[in-house]
Trainee: 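First, the structure itself, so that you have it in front of you.
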Amino acid sequence: MKSMIRYSVAALALAAAIGSAQALTLEEVKSAGYIQGATANEVPYGYMKEDGTAAGIGPDVAIAVFKRMGVNEVNWTVTPFGTLIPGLKARRFAFAAAEQNISPERCKQVAFTEPNSSYGEGLLVKKGNPKKLTTYADIAKDPSLKVAVVSGANNIDFLRAVGVKDNQIVIIQANADAPATVQSRVDAYAATELTVSKLAEGSEGVEQVKPFTDPIVNGKPVRNYGGFAFRLEDKELHDAFNKALVEFRKTDDYHKILTSYGLSDESIKAAAAKDVADLCAGK
């Protein structure tokens, strides 16, 4: 009975810390025995399986890292991609594990860890690629073409950077809506290469553009670097997780998680070679 009382008190303290403006600490999380995390339903970055458990690059690595930190339970919330940062700032959960691209704009709002993954861009199109698209810039060349993007995703920035107009862009709420949207009202769906690949595998009537050329922005091919997001005020918790993540990235277990979801050795090495400070500075 005493242990149940201690757990309840710790859990109440954790809930109070999450729900108030005070910083959430690792000690509070360890005392409660769990932490509240969030992901978006985007295979393979982060999603919920039919049995109610979380999976994907972000959740799998987060679970492993927190275990190394003495936190054996993560309670997961699924939320649309575009609400991850607002929900984190509103203290509805303690961290986000959805492999969000680390960008200067996002770094103003949340504290990112060192990169956990890297990935390029992709296009989902109707079977046979009737518009013969090979890159985002092809959409800009024909003002009649429409392209879908999930709400909150930075793919829209890359589209705009190569000349795609806002009246060509259709915003959808979830990646799962992309195949039907491509078949019914747009010419393509812009997302990361792995997202597009997984959608193409599980849907009829659509395919991934191959070969695809990553868009050139500021003279360089676009490459995304995904990380975990924490609240700015939760610096101690963020720093502890970040330190444990950097150590975990050196292990075979880490490599197995990422490759099991389709990341190449080149992409894993590219993520490890980048610093979060440089990404937040736009370098």
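The model shown is predicted, which means the values in this text are computed figures rather than measured ones.
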Trainee: Consider only side-chain N and O atoms of Glu207 and Asn129, and report whether a donor and an acceptor are under 3.5 Å apart.
Mentor: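 There is no such pair (donor and acceptor under 3.5 Å, judged by atom type) between the side chains of Glu207 and Asn129.
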Trainee: Check whether the side chains of Glu99 and Ser117 place a donor and an acceptor atom closer than 3.5 Å, and report yes or no.
Mentor: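 Distance-only check passes for Glu99 and Ser117.
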Trainee: Quick one, Val222 and Ile216 - any side-chain contact, counting heavy atoms below 4.5 Å?
Mentor: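 A side-chain contact is absent here, since even the closest heavy-atom pair is not under 4.5 Å.
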Trainee: For Glu204, does the CD atom have more than 12 heavy-atom neighbours from other residues, nucleotides or ligands under 6.0 Å away?
Mentor: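 Atom CD in Glu204 is not packed in, count stays at 12 or less.
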Trainee: Please check if atom CG in Asp252 has more than 12 non-hydrogen atoms from other residues, nucleotides or ligands closer than 6.0 Å.
Mentor: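 No, the 6.0 Å shell around CG holds no more than 12 heavy atoms from other groups.
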Trainee: Are a donor atom and an acceptor atom from the side chains of Asn101 and Ser103 found within less than 3.5 Å of each other?
Mentor: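 Short answer, no.
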Trainee: Assign the ring pair Phe241 / Phe230 to parallel, tilted or perpendicular, where the plane angle (0 to 90°) is split at 30° and 60°.
Mentor: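 Aromatic pair Phe241/Phe230 classed tilted.
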Trainee: Should the pair Arg91-Glu233 be classified as a salt bridge under the 4.0 Å nitrogen-to-oxygen rule?
Mentor: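 Salt bridge present between Arg91 and Glu233.
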Trainee: Give me the ring orientation class for Phe95 and Phe66: parallel if the planes are under 30° apart, tilted from 30 to 60°, perpendicular past 60°.
Mentor: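 If you compare the ring of Phe95 with that of Phe66, the planes turn out tilted.
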Trainee: Taking atom types as modelled, find out whether Ser144 and Asp142 have a side-chain donor-acceptor pair closer than 3.5 angstrom.
Mentor: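 Yes, side-chain donor-acceptor contact under 3.5 Å.
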Trainee: Within the side chain of Asp51, is there an N or O that forms a donor-acceptor pair under 3.5 Å with the backbone of Thr53?
Mentor: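 Flag set: sc Asp51 to bb Thr53 pair under 3.5 Å.
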Trainee: Any side-chain donor paired with an acceptor under 3.5 Å for Asp138 and Thr134?
Mentor: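 Yes - a donor-acceptor pair under 3.5 Å links their side chains.
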Trainee: Taking everything shown except Asn167 itself, do over 12 heavy atoms lie less than 6.0 Å from its CG?
Mentor: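 Check passes, neighbour count above 12.
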Trainee: When you look at Tyr119 and Tyr225, which way does the ring-ring contact (aromatic ring centres under 6.0 Å, His included) test go after all the steps?
Mentor: CA-CA 7 Å; Tyr119 42 89; Tyr225 295 87; 8.2 Å; no
Trainee: Say whether, by atom type as modelled, one donor and one acceptor occur between the side chain of Thr83 and the main chain of Thr79 under 3.5 angstrom.
Mentor: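 Side chain of Thr83 to backbone of Thr79, a donor-acceptor pair under 3.5 Å: no, none is there.
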Trainee: Hey, is NZ on Lys126 packed in by over 12 heavy atoms from elsewhere, all under 6.0 Å?
Mentor: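 Atom NZ in Lys126 is crowded, with more than 12 foreign heavy atoms closer than 6.0 Å.
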Trainee: Can you tell me if Glu121 and Asn224 form a side-chain donor-acceptor pair at under 3.5 Å?
Mentor: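 Yes - a donor-acceptor pair under 3.5 Å links their side chains.
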Trainee: Any salt bridge linking Asp214 with Arg223? Criterion: basic side-chain nitrogen under 4.0 Å from a carboxylate oxygen.
Mentor: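 So Asp214 does not pair with Arg223 through a salt bridge.
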